[in-house]
J.: 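What follows is a single structure, and I will ask about it in a moment.
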Amino acid sequence: MEKVVSLCKRRGFVYPASEIYGGLNSCWDFGPLGVELKRNVRDAWWRAMVRERDDVVGLDSAILQHPRVWEASGHVANFSDPLVDCTKCKKRFRADHIGVPYQSANGAWLHPETGAPMEESEARAMLATKKCPECEGALTPPRRFNLMFQTFLGAVVEDAARVYLRPETAQGIFTNFVNVLNSSRKKPPFGIAQIGKSFRNEITPGNFVFRTREFEQGEMEFFVPPADGEKWFDYWRKERFAWYSKFGVRPSKLRLRDHAKDELAHYSSGCSDVEYQYPFGWGELEGIANRTDFDLKQHAQHSGKDLSFFDEESKTRYVPHVIEPAAGIDRAALTFIVDAYEETTVKDEARVVLHLHPKIAPVTAAVFPLVKKEGMPEKASEIEKELRANFATVIEANASIGKRYARQDEIGTPFCITVDGQTMQDDTVTLRDRDTLIQDRVKTGELRAALDAKIRDWKRVDSVG
Ligand code: ATP
C-alpha cells in the first residue's frame, strides 16, 4: 500500500490536499493522471449503467437538499456512529470497534460485538472496565455522532437555515421519481442513475482514498413492481460483480458477500457487498441493496405527495420496490490501481507496471520519436495529433527508449508507438504492448484500427502470477 501511495504522489495520481499548509486530515486531491483515471472510471460506470441500456436514465441532483429530505430518509435520526474519546491521549474511537457498549438512536444499550440489546446496568459495568486501547487512559461515555456535515443556507446562522451536505446521492433520485416518470415516459422496471460527491464526517477515515470525508459515488435506483424485487436484486448483484472483472480486476481478489439477516437495515430485504482484498484486508467496494418501498413511502408520507405508479396495462397502482447498486468512484479508482500494480524484473531490470485496462488507463498511447532529429519529432507529433481525436495520447521525446517505456509502464500506458529510421522510409512504426512486451510493425494509416482492435480484445496478462 505504501508503494502505491508513493507512486500515486510521485507520478501525479493523488496528492495530499492543502499539502503546502501541512495537509488536511484524510483529504486528497487528484493530480493530472488521477483525474484522467477517475474520469475513465466514471465514464465506464455511466456507459454500463446508462448509455448501453434502454431502461436507465441519468440525473444530476443538488448536493444541498431541503432539510426535510434527511428527516424522511432517516439520516437525521439514524445516520450516526457511537464514539468515545480518550481523556488522556485525546484519541477518538468508534465504540463498537474497541469493544465498548453504546446506545442506539432510540436510547437502548447495545452490545459492541453482537449489536444485541443489553441491560443498562450490565452495559455500564462493562463500560467501567474499558480503558483506551492505545494508552489505557479513561474513556468518555459513548455518545452518538451524526455523520452529516451541517452548514447554513444564506447569511443567518440559525436552526431554521440549517442544511446538510448530502451523505449519499440516492435521496435526490427518490425526490425526483415523479419528475422523471412524467418527463421521460419510462415505467417500471426502470432506473435513475447519478454520479456525484457525497460527504460524511467519518470518525475514522483512512487507508488513503478508501475512506475519506468527501468522496464520489455512482448510485442507481432501479424501480420495479413489488413482486419482481428479488429477481432484480439478483440480476443487479451479478451484473455489478461482473463489471469490476470486465475492467481488469482479478476475480481471485473479488468476492460477493451476502449480508446476514441481522446485518440488514430494518427497511432492507437483502444486501450484498462486492468486496476486494486490499493489502489492509477485505473491504467493501460496492453495496447492492433491496430497499423495498421504504424510501418512496417515507417521502410520500413526509411530503404529502403521491409517489406511487399507475400501471395502465394492468390498471393497478403500486409503490415500486427499489434495487440500489451504490458504488464509490474513488474507491473503484483506488482498487483499479492497487490491483494493477506489479513489481517484476525483465532481463535483470526492475520493472513496475500498472496492468490497467486500456479504458481505465490515464494515457492510452504514448508516441516516441527515437531520436530528436531526421524529421522524427515532426513525424511523431503528426501521428500523435492524428490519434488525439480518439485516444488519450502523449508525446515523449526525452531519455532513452528503455527509460521512456519504463515511465509509461509505471503509469499503466498500454501502448507505446515509436517513430524510427524505418518510419521515414516506409511509413511504419513499432507498436509495443505493455503486458506482452510484443512489438508489431504497423502502417501509420492503420494505427487507429490496430489500437481499436487491441482495446476491444484486451485481456489481463501479468508478468508474474
Ligand atoms: P462503509 O461500510 O465502508 O462505511 P457503507 O456501507 O456506509 O460503507 P454505502 O452507504 O453503501 O457505504 O455507500 C456506497 C459506496 O460508497 C461504498 O461501497 C463505497 O464504495 C462508497 N463510500 C461510502 N463511504 C465512503 C467514504 N467515506 N469514502 C469513500 N467511499 C465511500
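Whatever order the structure lists ligands and atoms in, that order sets their numbers, starting from 1. All of these numbers come straight from a predicted model, not from anything done at the bench.
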J.: Which pairs pass ring-ring contact (aromatic ring centres under 6.0 Å, His included) with one or both residues in residues 13-32, sequence neighbours excluded?
T.: W28-F208
J.: What about L285: any of its N or O atoms under 3.5 Å from an N or O on ligand 1?
T.: yes
J.: With a 4.0 Å cut-off on N to O distance, would you call K3 and E343 a salt bridge?
T.: yes
J.: Around atom 22 (N) of ligand 1, find the nearest protein heavy atom and jot down its residue, atom name and distance.
T.: F215 CE1, 3.5 Å
J.: Indicate whether the side chain of E219 and that of T169 have a donor and an acceptor atom separated by less than 3.5 Å.
T.: yes
J.: Establish, yes or no, whether the cationic atom of R240 lies under 6.0 Å from the six-membered ring centre of W243 and within 45° of the ring axis.
T.: yes
J.: Where is the nearest protein heavy atom to atom 29 (C) of ligand 1: which residue, which atom, and how far?
T.: F210 O, 3.1 Å
J.: Please work out whether any backbone atom (N, CA, C, O) or any side-chain heavy atom from C-beta onward of R200 is under 4.0 Å from ligand 1, and answer side chain, backbone, both or neither.
T.: side chain
J.: Taking distance alone, with no angle check, do R213 and ligand 1 share an N/O pair under 3.5 Å?
T.: no
J.: Less than 4.0 angstrom from a charged side-chain N to a carboxylate O is my criterion; do D55 and K187 meet it?
T.: no
J.: Atom 19 (C) of ligand 1: which protein heavy atom is closest, and how many Å away?
T.: R331 NH1, 3.4 Å
J.: If you measure every N/O of E284 against every N/O of ligand 1, is any gap under 3.5 Å?
T.: yes
J.: Looking only at protein heavy atoms, identify the closest one to atom 13 (O) of ligand 1 and say how far it is in Å.
T.: Q217 NE2, 3.3 Å
J.: For atom 15 (C) of ligand 1, find the nearest protein heavy atom and state the residue, atom name and distance (0.1 Å precision).
T.: A326 O, 3.6 Å
J.: Decide if the gap between the ring center of W232 and the ring center of F222 is smaller than 6.0 angstrom.
T.: yes
J.: For E286, is the nearest heavy atom under 4.0 Å from an atom of ligand 1?
T.: yes
J.: What donor-acceptor contacts under 3.5 angstrom involve side-chain atoms of residues 322-336, with partners at least two apart or in another chain?
T.:
from : atom 1 : to   : atom 2 : distance (Å)
E324 : OE1    : R291 : NH1    : 3.2
E324 : OE2    : R291 : NH1    : 3.1
D330 : OD1    : E216 : N      : 2.6
D330 : OD2    : K38  : NZ     : 2.9
R331 : NE     : F210 : O      : 2.8
R331 : NH1    : E284 : O      : 2.7
R331 : NH2    : F210 : O      : 3.3
T335 : OG1    : Y278 : OH     : 2.8
T335 : OG1    : R331 : O      : 2.6

J.: For atom 4 (O) of ligand 1, what is the closest protein heavy atom, and at what distance to 0.1 Å?
T.: R211 NH1, 2.7 Å
J.: If you count the atoms of ligand 1 from 1 in the order shown, which ones are under 4.0 Å from a heavy atom of E202?
T.: 24 (N), 26 (C), 27 (N)
J.: Any N/O of G328 closer than 3.5 Å to an N/O of ligand 1?
T.: yes
J.: Starting from atom 28 (N) of ligand 1, find the nearest protein heavy-atom neighbour and note its residue, name and distance.
T.: T212 N, 3.1 Å
J.: Could you tell me whether R407 and E396 have a side-chain N and a carboxylate O separated by less than 4.0 Å?
T.: yes
J.: Does this structure show an ion pair linking D462 with R460, if we count only N-O contacts that are shorter than 4.0 Å?
T.: yes
